[in-house]
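For this chain, numbers begin at 1 and follow the sequence in order. Please read all numbers here as calculations on a predicted model, not as lab measurements.
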Amino acid sequence: MKPIPHSMITSEHNFRNRRHFIASGIAAAITLPLAGSLLASADASEPLKPTPLETINSYNNYYEFGFEKSDPSEAAKTLITSPWTVEITGAGADKKGAYDLADIYGEYAIESHVHRFRCVEAWSMVIPWNGIPLHKLITAAQPNSRAKYVRFITANDKTQMPNANWSGGPYTEGLTIEEAMNPLALLATGIYDKPLEQQTGAPIRLVLPWKYGFKSAKSIVRIELVEQMPKTTWWQQNPREYGFYANVNPDHDHPRWSQGSERVIGEYGRQRTQLYNGYANEVAHLYGALSDRRYFY
């Protein structure tokens with residue numbers, strides 16, 4: 001995918017006086033039919049209009065800090081994010097090691113990428129991320145023939161996270177090695193050229209713009225190259241509703257609501273959801289038939 005010129009990106013400053021995002025009461029209506037006049041088309045070729053930083057930082061899912069959207073941003077900033085170590089290990093890695101985040105910054109250039117973000121709850125944002133392509137760290141770990149999957153493990157410290165054990169242990173996510181090596185997969189360290197905040201996954205998180213947001217693990221402490229498909233947190237919690245792949249597809253509804261459209265945070269109305277969240281050209285070759293539900297839940 002060609003990078004989006006900075007001249008086509010609306011600055012954070014120009015968004016600050018825009019209307020606030022839709023009241024939470026409207027969110028409950030995501031399963032209701034919508035008038036055609038409120039359902040806009042999302043064109044993958046149009047320039048992306050980023051969501052304001054204050055909205056991104058105040059509307060989050062991060063259950064370790066609370067279950068409501070505002071809880072993570074309102075929680076005490078108890079997570080110590082510096083120094084921070086990311087361990088790269090697993091039978092599929094020939095070069096294992098624990099790396100201080102400061103050393104990772106020194107080794108790899110921080111890139112800027114503006115991507116759509118689509119939550120499985122049928123809401124969306126556009127976020128200007130800063131970070132390091134995941135494939136660069138995977139390549140540095142010298143993957144061998146046993147590296148079929150990549151498992152991500154996040155911070156889980158009850159002294160720093162008020163709701164740390166909501167799932168019974170650290171939040172885990174996973175990818176195939178082919179997904180992890182895709183150029184779209186990003187290890188994000190910032191938004192709008194500012195460091196990630198606690199609620200947005202500080203100090204380093206996964207970003208997978210073609211997948212539902214729960215796949216983008218926050219506050220990563222370990223990356224494992226493994227041979228077997230990892231059982232991820234939400235897959236274990238509710239396998240009927242949350243699978244391993246979780247790619248965005250408007251034609252495969254969640255068991256409890258439609259995925260055909262999405263509520264745009266910071267805007268009025270809804271827009272039609274795009275296949276692979278608009279990134280089909282970059283990732284569709286990684287998967288099988290569109291009719292195969294396992295690739296979308």
Side-chain angles (χ1 to χ4, degrees), residues 11-13 15-18 20-21 23-24 27 50-87 98-106 108 110-115 117 119 121 123-132 134 152-173 186-208 213-223 233-234 265-266:
S11 69
E12 175 201 350
H13 173 76
F15 272 98
R16 286 196 175 276
N17 292 321
R18 291 181 62 85
H20 292 291
F21 57 85
S24 59
T51 305
L53 181 61
E54 62 190 43
T55 302
I56 296 170
N57 283 338
S58 62
Y59 195 87
N60 309 104
N61 285 326
Y62 199 169
Y63 285 179
E64 284 79 353
F65 294 100
F67 294 123
E68 299 298 326
K69 294 292 187 291
S70 61
D71 288 348
S73 61
E74 294 175 355
K77 304 302 180 185
T78 52
L79 184 63
I80 300 171
T81 59
S82 180
W84 190 272
T85 299
V86 177
E87 182 183 11
Y99 301 90
D100 187 275
L101 194 56
D103 294 333
I104 294 176
Y105 287 160
Y108 302 100
I110 301 298
E111 301 180 6
S112 298
H113 297 274
V114 181
H115 289 313
F117 182 90
C119 182
E121 297 169 342
W123 56 265
S124 67
M125 296 182 179
V126 173
I127 303 179
W129 300 103
N130 311 114
I132 302 161
L134 175 60
F152 301 87
I153 300 174
T154 71
N156 186 251
D157 186 342
K158 63 182 180 181
T159 66
Q160 299 186 61
M161 298 170 158
N163 201 27
N165 291 323
W166 72 270
S167 64
Y171 193 94
T172 62
E173 258 307 334
L186 186 72
L187 286 172
T189 58
I191 298 172
Y192 274 114
D193 297 323
K194 297 177 173 63
L196 293 174
E197 295 194 13
Q198 171 180 283
Q199 65 270 23
T200 55
I204 188 166
R205 63 168 292 169
L206 191 58
V207 171
L208 305 165
F214 70 87
K215 294 291 295 182
S216 295
K218 297 178 178 179
S219 306
I220 295 169
V221 295
R222 190 156 76 250
I223 300 173
T233 291
W234 277 109
I265 303 301

Could you tell me the separation between the [atom1] atom of [X] and the [atom2] atom of [Y], rounded to the nearest 0.5 Å?
X	Y	atom1	atom2	answer
Leu187	Tyr108	CG	OH	10.0 Å
Ile204	Ile223	CD1	CD1	6.5 Å
Ile265	Thr55	CD1	OG1	8.5 Å

Minimum heavy-atom distance between [X] and [Y], given as atom pair plus value:
X	Y	answer
Ile56	Thr51	CD1-O, 3.4 Å
Pro72	Asn60	CG-O, 3.9 Å
Asn57	Ser73	O-CB, 3.2 Å
Ile191	Ile127	CG2-CG2, 3.9 Å
His113	Leu186	CD2-CD1, 4.0 Å
Thr81	Pro203	O-CG, 3.7 Å

Please check this pair: side chain of [X] against backbone of [Y], looking for a donor-acceptor N/O pair closer than 3.5 Å.
X	Y	value
Gln198	Thr78	yes
Ser216	Leu208	yes
Thr233	Thr172	yes
Trp234	Lys215	no
Thr154	Tyr171	yes
Ser58	Glu54	yes

message: Under a 3.5 Å cutoff, is there a donor and acceptor pairing between the side chains of Ser219 and Tyr62?
response: yes

- request: Identify which one of Glu74, Lys77, Lys218 satisfies the side-chain hydrogen bond (donor to acceptor under 3.5 Å, both in side chains) criterion when paired with Gln199.
  value: Lys77

- request: Fit a plane to each ring of Tyr59 and Trp123, take the angle between them on a 0 to 90° scale, and name the class: parallel (under 30°), tilted (30 to 60°) or perpendicular (over 60°).
  value: perpendicular

For residues 156-164, which side-chain donor-acceptor pairs fall under 3.5 Å, sequence neighbours excluded?
from   : atom 1 : to     : atom 2 : distance (Å)
Asn156 : ND2    : Ala164 : O      : 2.6
Asn156 : ND2    : Gly169 : O      : 3.4
Asp157 : OD1    : Thr159 : N      : 2.9
Asp157 : OD1    : Thr159 : OG1    : 2.5
Asp157 : OD2    : Thr159 : OG1    : 3.3
Asp157 : OD2    : Gln160 : NE2    : 2.9
Gln160 : OE1    : Ile80  : N      : 2.6
Asn163 : ND2    : Tyr63  : O      : 2.9

- request: Could you give me the CA-CA distance, side-chain angles and deciding distance for Lys69 and Asn61, then say whether side chain to side chain donor-acceptor pair (under 3.5 Å) is met?
  value: CA-CA 6 Å; Lys69 294 292 187 291; Asn61 285 326; 3.1 Å; yes

query: Do Leu196 and Trp129 come within less than 4.5 Å of each other through their side chains, counting heavy atoms only?
result: yes

field: Matching residue for Asp193 among Ile110, Asn130, Leu53 - test: side chain to side chain contact (heavy atoms under 4.5 Å, CB included)
entry: Asn130

